[in-house]
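Sequence lines set the chain letters: A, B, ... in the order given, protein chains first and strands last, and positions in each chain run from 1.
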Amino acid sequence: MICAPEHKILPVIYQKDKVKSVKKETVVASLANKLTEIVGAAFEACGLPPELGRVAVSDRQDLAQFQCNGAMAAAKQAKKNPREVAQAVIEVLQSRKEFSKIEIAGPGFINLNVTDEYLAAHLASVAGDARLGVDRTAKAETVILDYGGYNIAKPLHVGHLRSTIIGDAINKIMKTAGHKTISDVHFGDWGTQMGIVISELEIMHPEWPYFDEAFAKEYPKESPVTIADLDRIYPEASKACKENEVRLEKAKAATRALQGGHRGYRALWQHFVDVSVADVKKNLATLNVDFDLWDGEASANPSVKPIVDDLKAKKLAFESDGALVMAVAKNDDNKEMPPLILYKSDGAVMYGTTDLATIFDRMQKYKPAKIIYIVDQRQSLHFEQVFRAARISGAAPNDVELLHTGFGTMNGTDGKPFKTRAGGVMKLEDLISMGVEKARARLAEADLAQDMGAAEREDIAHKVAIAAIKFADLQNNRTADYVFDIDRMTSFEGKTGPYLLYQAVRIKSLLRKAAEQGFKPGKTFILQDADKTLALLLTELPDAFDGALRNYTPHLLCDYAYRLATAFSSFYAACHILSEADEALRASRLALCEITQRQLELVLGLLGIGVPERM
RNA sequence: GCGCCCGUAGCUCAGCUGGAUAGAGCGUUGGUUUCCGAAGCCAAAGGUCGCAGGUUCGAAUCCUGCCGGGCGCGCCA
């Protein structure tokens, strides 16, 4: 059933990636957040808006640990002197025991330090929390995540990497926040590329039973083509179609027939799907990525006709230049908004139609509060059309959020669309094996690898390669184009995945040695200067998590993990830990190490990066 | 033509709802292992934040205009 449309005035419900969600989804427990409550209350006590009492980690660590800039904003509103406003606030704060320093600086910054006792108590609560301070959302929702989008009969290439690993990270982040996520790989399995391959095979093998209209028996169970065949056939056939009008017509006819239910084509198509899915699963296994749903465009096919019939009945769909379309433009549009094509003039459907039908199906089956598409930015107009069509048709009620989280085009180091030396696109498995090969070589140099078995060494090489590849990509937030640099992708030094693994592994090694010597991490903290820098950073995890969750930006977690790793590395270089003679200090430092290790592993896990025991 | 995105160090990029001295990595230069993993650590050099206005006590961040680049704009996905 399809609800009555409201096509006159369409609310802009879809959101651009940049639009920030206003509502706070998690109750975070970072130290800055706790302080925000305290300072916010102080603002309120002074008759000022409490939301101006927001406390953040200071960007001048030489001056203070935390800062609040709200006094200046409050002064502006109230037309008062900012330093006087700040003065009133800090007089209220003087009674609080949490602070060891409260100062007004510059035009009206409120600079704050917390007492060691308060910081230590906070750390103890973080250490005692299995989630390390990351709280669950108060409002769990069902969310469908649409990413991957691999094509049947086309090999996975490096261009698929972004959607896959960003989608996977967002999935893990939302799941950890407590949402019920459903990931759908949404294969491209119903468009012209299928007709291209089918028609090519018909030309090559007209004797096959799939092409025999009179054939009434069961088709062979075994696929007549392998994934390697498909990898080769598609580019050739695609080229032929571009060069030859008649050849293209054959492909289109095959597409239409497939969609229309041609028995032999459907049987052949199922073979393509089976061999392609098997290949995709193999690739995803190396990336350690999985999906809940293995649907595709074709999955929505049964819903297409009822939806289109309904639109026709409501006079929302009409013929235009031989095609059946629906208008999605609005009066206040500031750009041309082409109609959504439901049926091409040749009678075949395109991905807009299947995307619309897919939204309808998803609403019926899962009733999600949100559907998020992690797809190339260049698809933004397409999604805008589809989202509008979903509102108009009633497929998605207005309170369901439809969101396109786009990312940029992959370019080479020359700034032009990425191509291999051979001129093609690099296959994903080739990229991964290059990374693994480099990791293997690096491991062979290391003394540590001597006593490892072959299996462990392979496992480590794989983990290092995956960490390198994923981190190199995920740390970049650009919604615009990005540069694909193979050397950077498989680099192990500096701000890289392997660097993060290295720090985590070093801590694990340290903790193992501590256990051997009977040293245990303490429950209390002794915070000398070198310890304090790391300790303060360890209170920030919920902020990083919350930011990544709200804005669908895993790179905020990359940034946190990297800052944590470098902070630990400095701490490690500056402080004695196992060799520390003072037992209490040693236990405190071991506890810092342990929290760091757990946070690193948690964050890396959210990014889809696994940590080995040694490397 | 219309629309979207982008322009920050030699290169690749962070910089969240405007805040104090704009940060990383790579690359360059110099130090660092008789102590827990040197895939490390410490330090130096390197930036008129594309340009010009505007709003503001305060702008890389917000607004306007320009310049430069990428992408999209009905029967591919």
Have a look at [X] and say if it touches a base, only the backbone sugar-phosphate, or nothing, with a 4.0 Å heavy-atom cut-off.
X	value
A:N111	base
A:I577	base
A:A574	nothing
A:D59	base
A:L63	base
A:K495	sugar-phosphate
A:S345	base
A:N477	sugar-phosphate
A:D485	nothing
A:F109	base
A:D487	nothing
A:G191	sugar-phosphate
A:M615	base
A:A56	nothing

Between [N] and [M], how far apart are the two [atom1] atoms, rounded to whole Å?
N	M	atom1	result
B:U33	B:G50	C1'	46 Å
B:A77	B:G68	C1'	30 Å
B:A14	B:A52	C1'	27 Å
B:C63	B:G18	C1'	13 Å

The side chain of [X] lies closest to which of these nucleotides: [options]?
X	options	result
A:Y572	B:C75, B:G37, B:U17	B:G37
A:R614	B:C71, B:G74, B:G37	B:G37
A:R54	B:C57, B:U17, B:C76	B:U17
A:H576	B:C35, B:A24, B:A77	B:C35
A:V505	B:G37, B:G15, B:A77	B:G37
A:K76	B:C57, B:C73, B:G25	B:C57
A:L578	B:A14, B:A38, B:C36	B:C36
A:Q193	B:C41, B:A77, B:G74	B:A77
A:N334	B:A39, B:C4, B:A77	B:C4
A:D321	B:G72, B:C75, B:C57	B:C75

If [N] has a Watson-Crick or G-U wobble mate with both distances under 3.5 Å, name it; if not, just say none.
N	answer
B:A77	none
B:G65	B:C51
B:G23	B:C13
B:U32	B:G40
B:A60	none

Taking only side-chain nitrogens and oxygens of [X], does any of them come within less than 4.0 Å of OP1 or OP2 of [N]?
X	N	result
A:T479	B:C5	no
A:R442	B:A39	yes
A:K335	B:G72	no
A:N69	B:A20	no
A:S509	B:G37	yes
A:Y482	B:C71	no
A:R589	B:C36	no
A:S570	B:C42	yes
A:Y351	B:A77	no
A:H555	B:G15	yes
A:K513	B:G37	yes

Is it true that the side chains of [X] and [Y] contain a donor and an acceptor less than 3.5 Å apart?
X	Y	answer
A:R506	A:S569	yes
A:Y351	A:Q379	yes
A:T413	A:R488	no
A:N33	A:T36	no

Whether A:H160 and A:Y150 hold their rings parallel, tilted or perpendicular, with breakpoints at 30° and 60°: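 Geometry flag for A:Y150 against A:H160: perpendicular rings.
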
Aromatic plane relationship, A:F418 with A:F484 - under 30° parallel, 30 to 60° tilted, over 60° perpendicular: perpendicular

Can you tell me how far [atom2] of [N] sits from [atom1] of [X], to the nearest Å?
X	N	atom1	atom2	result
A:K79	B:U56	NZ	P	12 Å
A:Q475	B:A14	CD	P	9 Å
A:L52	B:G19	CG	P	14 Å

pair A:L500-A:L604: side-chain heavy atoms closer than 4.5 Å: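 A:L500 reaches A:L604 side chain to side chain.
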
Side chain proximity check, A:Y373 to A:Y147, heavy atoms < 4.5 angstrom: no

A:D333/A:R388 salt bridge by N-O under 4.0 Å criterion: yes

